[in-house]
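Small disclaimer: the values here were computed from a predicted structure and weren't measured.
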Amino acid sequence: MLHIGCHLSSSDGFLAMGNTALSIEADTFQFFTRNPRGSKAKAIDEEDAKALMELMKVHRFPVILAHAPYTLNPCSATEKTREFARLTMEDDLKRMKFTPGQLYNFHPGSHTGQGAEKGIEEIAALLNELLKPEQTTTVLLETMAGKGSEVGRTFEELAAILKKVKLQEKMGVCLDTCHIWDGGYDIVNDLEGVVEQFDRIIGLDRLKAIHLNDSLNGCGSHKDRHACIGAGKIGLEALTGVINHPRLKHLPFFLETPNDLEGYKKEIALLRGRYTE
Ligand code: FE
Ligand code: FE
Ligand code: ZN
């Protein structure tokens with residue numbers, strides 16, 4: 001069974017997202033914990049969160065994925081920006097308690113001139129401060145395209161962060177196909193080699209989710225411009241290979257392609273049709 005969904009707007013609340021997912025034949029979804037540019041999040045409606053958990057049980061959603069705002073940067077050279085990252089992630093993790101056992105994904109950040117090593121240290125320090133033994137949320141580092149001074153472009157950088165985190169079992173990785181392709185991992189000509197590298201450097205047991213996106217640009221371009229499935233440089237064949245890879249096919253896949261709901265519904269149907277049980 002292919003577990004697939006897309007990014008949904010969280011403005012109408014949890015249960016509404018669950019129902020929207022069902023309406024496009026998805027069995028999972030991703031949402032922003034708050035405005036993607038940051039800012040205050042509105043209060044959690046506990047009953048609404050419970051209603052979604054019930055819907056997920058009835059309709060067998062494997063897990064859902066919350067995404068931190070893009071502005072969250074725990075390794076900025078600017079102290080104020082790091083402080084914003086700390087406060088935001090702390091608050092997000094509190095909010096995640098209302099939807100227990102789910103995934104929370106964030107961009108490791110941009111070191112803005114401090115160097116990757118310093119960045120890695122600061123990201124791990126924040127996680128060591130905020131992760132709690134009793135938490136049921138799994139926190140994911142997203143693989144990045146390597147725009148500007150982004151940390152997490154290479155599997156080595158992600159592994160270095162993970163290695164420094166004490167509560168290892170609370171951590172995982174979300175692999176974005178557009179980002180790793182733009183980052184220089186050739187999933188078109190050598191998916192097997194890329195999966196093997198991921199396993200050797202990070203460990204496939206750490207991989208908890210996949211952002212399934214095509215890319216407007218070439219391998220190694222470091223651009224991070226998503227394209228619709230089959231409309232980019234990765235292409236439908238390679239992405240079909242990703243969802244059917246024996247070591248990836250059980251994972252939840254999240255579309256972050258430039259689509260409206262109707263477009264997402266079509267992509268989900270297209271990929272379900274190409275999935276082999
Ligand atoms: Fe992301
Ligand atoms: Fe992504
Ligand atoms: Zn992206």
Heavy atoms, side chains only, cut-off 4.5 Å: are [X] and [Y] in contact?
| X | Y | result |
| --- | --- | --- |
| T138 | Y104 | no |
| L141 | M171 | yes |
| Q135 | L167 | no |
| F98 | D48 | no |
| R272 | I4 | yes |
| T88 | T33 | no |
| E129 | E90 | no |
| I120 | K164 | yes |

- Should the ring pair H67 and F32 be called parallel, tilted or perpendicular, given that the plane angle runs from 0 to 90° and is split at 30 and 60?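 The arrangement is perpendicular - the two ring planes meet at more than 60°.
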- Just wondering, more than 12 heavy atoms not from E79 lying within 6.0 Å of its CD?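 Result for CD/E79: open.
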- Message: Heavy-atom count check: over 12 atoms from other residues, nucleotides or ligands less than 6.0 Å from R225 CZ?
- Response: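 For R225, atom CZ is not crowded (no more than 12 foreign heavy atoms under 6.0 Å).
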Using a 3.5 Å distance criterion without hydrogens, assess whether the side chain of [X] forms a donor-acceptor pair with backbone atoms of [Y].
| X | Y | answer |
| --- | --- | --- |
| K249 | L2 | no |
| K208 | D205 | yes |
| Q114 | G119 | no |

- Query: At their closest point, which heavy atom of T177 faces which heavy atom of I234, and how far apart are they?
  - Reply: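 Taking T177 first and I234 second, the nearest heavy atoms are O-CD1, 3.7 Å.
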Once you round to the nearest 0.5 Å, how far does [atom1] of [X] lie from [atom2] of [Y]?
| X | Y | atom1 | atom2 | value |
| --- | --- | --- | --- | --- |
| D176 | F254 | CG | CZ | 12.0 Å |
| S23 | K265 | OG | NZ | 6.5 Å |
| H179 | H211 | NE2 | NE2 | 8.0 Å |

Answer yes if the side chains of [X] and [Y] hold a donor-acceptor pair under 3.5 Å, and no otherwise.
| X | Y | answer |
| --- | --- | --- |
| N105 | H107 | no |
| N244 | T276 | yes |
| E192 | H245 | yes |

Any salt bridge between [X] and [Y], counting N to O under 4.0 Å?
| X | Y | value |
| --- | --- | --- |
| E83 | K80 | no |
| K147 | D182 | no |
| K50 | E54 | no |

- Query: Are F61 and I24 joined in one hydrophobic group, where the rule is that I, L, V, M, F, W and Y side chains link up if heavy atoms are under 4.5 Å apart?
  - Reply: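 In one cluster: yes.
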- If two hydrophobic side chains count as joined below 4.5 Å and joins carry through other members, does F155 share a cluster with L140?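 No, F155 and L140 fall in different hydrophobic clusters.
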- Going through the checks in order, is the side-chain contact (heavy atoms from CB on, under 4.5 Å) test met by M53 and T99? CA-CA 7 Å; M53 293 294 103; T99 51; 3.6 Å; yes
- Item | Candidate list D92, N73, L127, test side chain to side chain contact (heavy atoms under 4.5 Å, CB included), partner F106, passing option |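 Testing each of D92, N73, L127 against F106, the sole residue satisfying side chain to side chain contact (heavy atoms under 4.5 Å, CB included) is L127.
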